[in-house]
Amino acid sequence: MPEKIDYATKIPNNVNLGEDRRLQRALEGWQPKFMNWWGEMGPTLETHGVYLRTAVSVGRDGWAHFDHVNVPDYRWGIFLAERDPGRTIAFGEHQGEPAWQQVPGEYRADLQRLIVIQGDTEPASVEQQKLLGLTAPSLYDLRNLFQVNVEEGRHLWAMVYLLHAYFGREGREEAEALLHRNSGSPDAPRILGAFNEETADWLAFYMFTYFTDRDGKYQLGTLKESAFDPLSRTCEFMLKEEAHHMFVGTTGVDRVVQRSVELIREHDTMDIGPHGGIPLEVIQRYLNFHYTVSLDLFGSETSTNAANYYTAGLKGRWLETRRNDDHRLTEDSDELQRPRDDGTWEHDEVQKILLLNLDLRGEYIADCTTGVKRWNKILSDAEIPFRLKLPHPGFNRQVGINSGHHITPDGTIVDEQTWQAGKKRWLPTSEDLAFVRSLMRPVYERGKIASWVAPPRQGINGKPFDYEYVHL
């Protein structure tokens with residue numbers, strides 16, 4: 001398989017697509033449907049060139065090239081990391097066997113389902129962010145939005161390639177369905193709840209790219225361990241692009257907190273709303289919402305499906321090969337904390353293989369903590385006593401063992417009346433949402449930025465902040 005990506009073809013790829021005429025024709029038949037979807041559900045704001053990075057090879061060096069690109073002319077394609085011919089399966093009952101180059105019949109339905117669920121998230125986020133370009137706080141931010149959008153579109157292509165190449169007629173039908181479902185649709189919503197939520201302002205966008213795209217990182221990381229080698233290699237390349245999405249979220253929240261700090265110090269008050277800033281309490285409530293909605297994406301804490309996927313070799317753990325155990329987990333147990341109806345917590349010993357979702361969620365929570373530490377350092381350096389924090393994992397949950405209970409951000413189990421009384425302090429209110437949206441006025445002038453967010457410390461690819469990242 002070539003490392004360099006062939007852009008001379010109708011569908012750029014490094015999978016030798018031209019050698020399989022049937023597959024090529026099928027994907028070329030899907031391509032105009034994708035472009036229709038992009039035109040209808042993609043970014044609303046029209047541009048005449050965005051400073052985007054485009055993959056030119058899949059190797060460690062030089063896999064991205066920067067230039068101004070007219071977004072409708074962006075060349076979406078199919079890119080897999082290079083194959084390791086000696087790769088073996090690292091876990092489960094097939095541990096030590098050669099990685100699969102084709103789909104074993106007994107695992108066909110499960111693998112297809114995993115690919116469809118991952119594929120469904122990619123266009124969903126583009127749909128959620130459709131209108132954000134109309135209120136971009138700077139050309140730098142507008143450019144980052146478009147970069148995230150085109151890469152999510154390419155991630156959709158990655159999953160559609162697998163469906164077309166390895167799952168026959170059913171795979172082709174599922175690829176069509178990925179374009180028929182829409183985020184928030186009452187009739188055909190996206191599969192996972194977080195991808196039907198509205199992303200109506202830029203603070204929500206930064207939180208989404210920090211928390212929800214970070215879930216994507218961990219889900220892709222488990223699929224990268226898959227015994228099905230084409231899926232593994234696809235996810236390995238997607239993880240390179242996912243890193244930028246999380247960078248947008250991390251530094252975006254950095255900059256909102258930094259600007260709020262500046263306004264607090266300038267006006268000597270925490271009530272900075274009248275001065276065009278986002279109060280820290282509102283930032284905390286946005287954090288609480290996006291973090292807990294993203295936790296739901298990990299599924300139930302105990303899962304026989306996840307255990308079966310692991311045993312079969314379909315989906316591993318985060319950094320599976322670095323784990324110091326037998327990679328089968330049939331003899332090990334771990335502790336699970338459950339809420340009780342009497343308001344106390346109980347601790348159960350459960351087989352580790354049934355707690356794979358909890359294991360992955362733990363890795364995610366530890367990673368999320370690093371961002372909160374960054375944001376709190378901005379506050380501590382400014383000698384502002386307020387601190388942001390991640391709420392208890394049981395707070396505001398709709399999925400799993402906590403979903404039937406009312407749990408406060410500090411982990412206290414309360415009755416419904418207490419929950420309803422405190423909800424407006426813990427989650428964004430309609431007034432919060434209206435206020436933040438009132439700040440969302442576009443700034444399209446080079447070197448200028450909206451009043452509620454600080455400029456970045458550095459630009460993209462060595463360019464300054466006042467570079468013309470987008471031609472309007």
Asker: Looking at residues at least two apart in the chain, or sitting in another chain, which of them share a ring-ring contact (aromatic ring centres under 6.0 Å, His included) with Phe167?
Answerer: none

Asker: Parallel, tilted or perpendicular: which one describes the rings of Tyr51 and Tyr467, with boundaries at 30° and 60°?
Answerer: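 Taking Tyr467 first and then Tyr51, their aromatic rings stand perpendicular (interplane angle over 60°).
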
Asker: Who passes ring-ring contact (aromatic ring centres under 6.0 Å, His included) against Tyr210, sequence neighbours left out?
Answerer: Trp375

Asker: Per the side chain to side chain contact (heavy atoms under 4.5 Å, CB included) rule, which among Val116, Ile115, Thr121 passes with Gln118?
Answerer: Thr121

Asker: Going by the rule ring-ring contact (aromatic ring centres under 6.0 Å, His included), which residues pair with Phe211 if we only count those two or more places apart in sequence or in a different chain?
Answerer: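 Expected list: Tyr291.
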
Asker: My understanding is that only residues two or more places apart in sequence, or in another chain, count here; which of them pass side chain to side chain donor-acceptor pair (under 3.5 Å) with Gln147?
Answerer: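 By the side chain to side chain donor-acceptor pair (under 3.5 Å) rule, Gln147 matches Arg143, Glu151.
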
Asker: Under 4.0 Å between a Lys/Arg side-chain N and an Asp/Glu carboxylate O for Glu320 and Arg323?
Answerer: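 No, Glu320 and Arg323 are not salt-bridged.
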
Asker: Is there any salt bridge (Lys or Arg N to Asp or Glu O under 4.0 Å) pair reaching into residues 87-111, and which pairs are they, with sequence neighbours excluded?
Answerer: Arg87-Asp229

Asker: Charged N to carboxylate O under 4.0 angstrom, Glu82 versus Arg233?
Answerer: no

Asker: Report yes if some heavy atom in the side chain of Asp359 is under 4.5 Å from a heavy atom in the side chain of Trp318; otherwise report no.
Answerer: no

Asker: Once the angle between the rings of Tyr364 and Phe298 is folded into 0 to 90°, is it parallel (under 30°), tilted (30 to 60°) or perpendicular (over 60°)?
Answerer: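 Tilted.
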
Asker: Can you list everything that forms a salt bridge (charged side-chain N to carboxylate O under 4.0 Å, His left out) with Arg437? Sequence neighbours excluded, please.
Answerer: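 Here the qualifying residues are Glu198.
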
Asker: Can you say whether the rings of Phe79 and Phe237 are parallel (under 30°), tilted (30 to 60°) or perpendicular (over 60°)?
Answerer: perpendicular

Asker: Taking the six-membered ring for Trp and the full ring for Phe, Tyr or His, determine whether the centres of Trp30 and Phe34 are under 6.0 Å apart.
Answerer: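 Ring centres of Phe34 and Trp30 closer than 6.0 Å.
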
Asker: Return each pair, listed once, that meets salt bridge (Lys or Arg N to Asp or Glu O under 4.0 Å) where at least one residue sits in residues 123-138; pairs must be two or more places apart or across chains.
Answerer: Glu127-Arg190

Asker: Arg322: what forms a side chain to side chain donor-acceptor pair (under 3.5 Å) with it, not counting sequence neighbours?
Answerer: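 For Arg322, no residue satisfies side chain to side chain donor-acceptor pair (under 3.5 Å) once neighbours in sequence are set aside.
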
Asker: For this output row, return yes or no: ring centroids of Trp452 and Trp202 closer than 6.0 angstrom.
Answerer: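 Ring centroids of Trp452 and Trp202 are no less than 6.0 Å from each other.
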
Asker: Are any of the side-chain nitrogens in Glu301 or Arg361 under 4.0 Å away from the carboxylate oxygens of its partner?
Answerer: yes

Asker: Distance only, no hydrogens: is a donor on one side chain within 3.5 Å (strictly under) of an acceptor on the other, for Gln129 and Asn149?
Answerer: yes

Asker: Which pairs with one or both residues in residues 213-224 pass side chain to side chain donor-acceptor pair (under 3.5 Å), sequence neighbours excluded?
Answerer: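 Only Arg214-Thr250, Arg214-Asp367, Asp215-Gln219, Lys217-Asp367, Tyr218-Asp367, Gln219-Lys315 qualify under side chain to side chain donor-acceptor pair (under 3.5 Å).
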
Asker: Strictly by salt bridge (Lys or Arg N to Asp or Glu O under 4.0 Å), give each pair with a member in residues 453-472 just once, sequence neighbours left out.
Answerer: Arg446-Glu468

Asker: Do any pairs count as a side chain to side chain donor-acceptor pair (under 3.5 Å) and have a residue in residues 167-181, sequence neighbours left out, and if so which ones?
Answerer: Lys33-Glu176, Asp120-Arg181, Arg169-Glu173

Asker: State, without any angle test, whether Asn461 and Tyr469 hold a side-chain donor-acceptor pair at a distance under 3.5 Å.
Answerer: no

Asker: Residues two or more places apart in sequence or in another chain: which of them pass ring-ring contact (aromatic ring centres under 6.0 Å, His included) with His290?
Answerer: none

Asker: Can any side-chain N or O of Thr234 pair as donor or acceptor with the backbone N or O of Pro230 at less than 3.5 Å?
Answerer: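 Answer holds: yes.
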
Asker: State plainly whether the residues Glu28 and Arg25 are in salt-bridge range, i.e. N to O under 4.0 Å.
Answerer: no

Asker: When you compare the side chain of Val261 with that of Ile378, does any pair of heavy atoms fall below 4.5 Å?
Answerer: yes

